[in-house]
Amino acid sequence: MSALLGRARPAFGLPGRIQEANSKPRSIALVGLGEGGAAIARRVAAERPANLEVHVLSKSARAGDTVAAIQAGGGDLQRDLAAADMIFIVACRGDDVGLAPVVSGIAHGRKHPVTALYIVPSDADGHGEEDETLKTLRGAVEVLVVASLDPPYLYPDYRSTRLRSPRQPLLELPEGSFDVPGPLVPRGFVRDKDNDLTAHGKGAPLGEKMVLVGRITDEGARPVRDSLVEIWQANASGRYHHPGDNHDAPLDPNFLGIGRTFTDADGNYRFVTIKPGSYPWQNHAFAWRPQHIHFSLLGNAPVQRLVTQMYFPGDPLLAIDPVAQSIPDAKARERLICSLALETGIEMVSLGYRFDIVLAGAKSTPLGL
Ligand SMILES: [Fe+2]
């Protein structure tokens with residue numbers, strides 16, 4: 001989730017050039033400021049995307065020299081900013097963005113508006129509190145996008161995102177577009193035992209039986225009530241019950257890997273399932289996914305559907321998993337890991353785990369995986 005905080009400024013006299021919806025930019029400049037912004041910019045640059053010039057002005061750069069070089073007018077940065085149709089600055093909380101006004105100054109001199117992408121901190125208390133980074137960016141740019149804790153659309157190490165990430169600038173939908181009430185999910189959609197994935201066959205599935213509980217809350221810690229929660233997962237051998245999965249691991253006739261339930265009046269859900277196995281995928285050679293369970297949360301309209309993935313504590317594959325690592329913030333990544341909660345298990349039968357989900361705010365659960 002992200003918030004677009006547009007600021008009304010005079011148009012830059014470029015009618016029909018960059019303001020035109022869906023126009024294809026000829027050239028984009030991305031400037032990473034500070035350590036966090038530099039890291040993001042470097043990851044983007046590693047992909048050598050077309051029509052994109054990436055510059056990194058990290059904290060380690062000597063600001064005075066950089067400013068002098070920019071102002072001298074001979075640097076690549078100035079040339080690229082002059083040639084760009086769209087200019088972005090990216091930075092994270094705490095980053096030194098003292099050069100943002102300089103970058104904007106060059107852009108404005110050529111009547112180019114600048115958009116800043118600011119990564120929201122995951123450990124901030126309260127909302128709307130501005131740090132120096134955000135204040136500086138706000139004063140330096142025309143459009144400020146407070147980026148989310150969610151993974152970016154394009155994360156090159158996660159190969160699928162190269163194909164599915166947007167190639168055109170996103171369009172801002174009219175206010176209220178997402179408030180269209182959809183048909184509520186009828187109670188009958190969820191049948192008895194749909195939340196027990198171990199009860200769908202003629203016998204017990206193979207693997208380590210587990211109970212998974214959690215609570216879904218909104219930004220204000222209010223429960224998300226009577227909302228459809230669906231999960232899907234591989235079996236204990238790491239294979240999905242799906243024709244598209246040709247992993248050389250056995251199918252389990254007693255495990256389909258699909259479950260659904262409604263949250264109760266306090267936002268709680270509960271599933272009984274099998275701990276999923278890891279499986280190889282074709283992201284790169286020897287790539288294996290950490291054990292995970294997919295989640296789909298349906299609000300009160302289909303356009304509100306949210307998806308994410310839950311992981312398990314201590315999984316050594318997590319640190320090298322491009323899907324999990326596409327979340328820019330380490331603390332946010334940790335919020336996708338369930339916790340052992342023995343007392344929620346079934347005595348002498350199954351382990352118990354807890355996975356709470358927060359839909360929005362500084363402590364939100366990363367979504368969009
Ligand atoms: Fe999966």
Side-chain angles (χ1 to χ4, degrees), residues 149-165 194-198 200-201 205-214 216 228-261 269 271-298 305-327 332-339 351 353-357 365-369:
L149 302 170
D150 301 334
Y153 291 119
L154 174 62
Y155 187 76
D157 286 350
Y158 180 4
R159 200 169 69 174
S160 304
T161 67
R162 301 181 201 171
L163 299 174
R164 72 186 188 203
S165 55
D194 272 359
N195 70 330
D196 185 350
L197 287 73
T198 67
H200 298 162
L206 294 171
E208 185 178 307
K209 192 170 183 175
M210 57 174 272
V211 173
L212 177 61
V213 301
I216 303 177
L228 182 67
V229 183
E230 294 174 289
I231 62 171
W232 66 99
Q233 62 171 96
N235 67 23
S237 299
R239 183 162 177 183
Y240 285 97
H241 194 280
H242 188 279
D245 188 347
N246 51 18
H247 174 205
D248 185 20
L251 280 170
D252 185 339
N254 291 312
F255 192 74
L256 301 178
I258 300 170
R260 56 174 65 98
T261 191
Y269 70 83
F271 289 102
V272 179
T273 187
I274 293 291
K275 194 171 185 182
S278 298
Y279 58 81
W281 62 315
Q282 297 178 356
N283 194 66
H284 57 278
F286 303 107
W288 282 70
R289 291 302 324 282
Q291 294 168 299
H292 63 278
I293 294 178
H294 295 268
F295 272 73
S296 164
L297 314 174
L298 198 68
R305 182 177 184 241
L306 299 169
V307 295
T308 193
Q309 297 181 19
M310 183 205 86
Y311 303 101
F312 290 86
D315 192 328
L317 290 170
L318 262 174
I320 53 173
D321 179 51
V323 178
Q325 295 302 316
S326 69
I327 300 161
R333 288 197 293 275
E334 288 174 12
R335 291 199 287 276
L336 288 181
I337 302 173
C338 65
S339 56
L351 284 169
Y353 291 94
R354 168 168 285 278
F355 181 56
D356 296 327
I357 297 174
T365 306
L367 300 164
L369 291 167

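Owing to the predicted nature of the structure, the values given are computational and were not obtained by experimental measurement. As the structure lists them, so they are numbered: ligands from 1, and atoms in each ligand from 1. All values below were derived from every heavy atom in this structure, side-chain atoms included, with hydrogens, water molecules and symmetry-related copies excluded. Residue numbers start at 1 and run along the sequence shown.
- Under a 3.5 Å cut-off, the side chain of D157 and the backbone N or O of P322 do not form any donor-acceptor pair.
- For the Fe ion (ligand 1), the nearby protein N/O/S atoms, meaning those under 2.8 Å, are Y240 OH, Y279 OH, H292 NE2, H294 NE2.
- R289 places a side-chain heavy atom less than 4.5 Å from the side chain of Q309.
- A distance below 6.0 Å separates the ring centres of Y269 and F271.
- The aromatic rings of Y240 and Y279 sit perpendicular, their planes meeting at an angle over 60°, well past the 30° parallel limit.
- Counting only heavy atoms from C-beta outward, the side chains of T161 and S326 never approach each other to under 4.5 Å.
- A 4.5 Å side-chain heavy-atom check between R239 and P250 finds every atom pair outside the cut-off.
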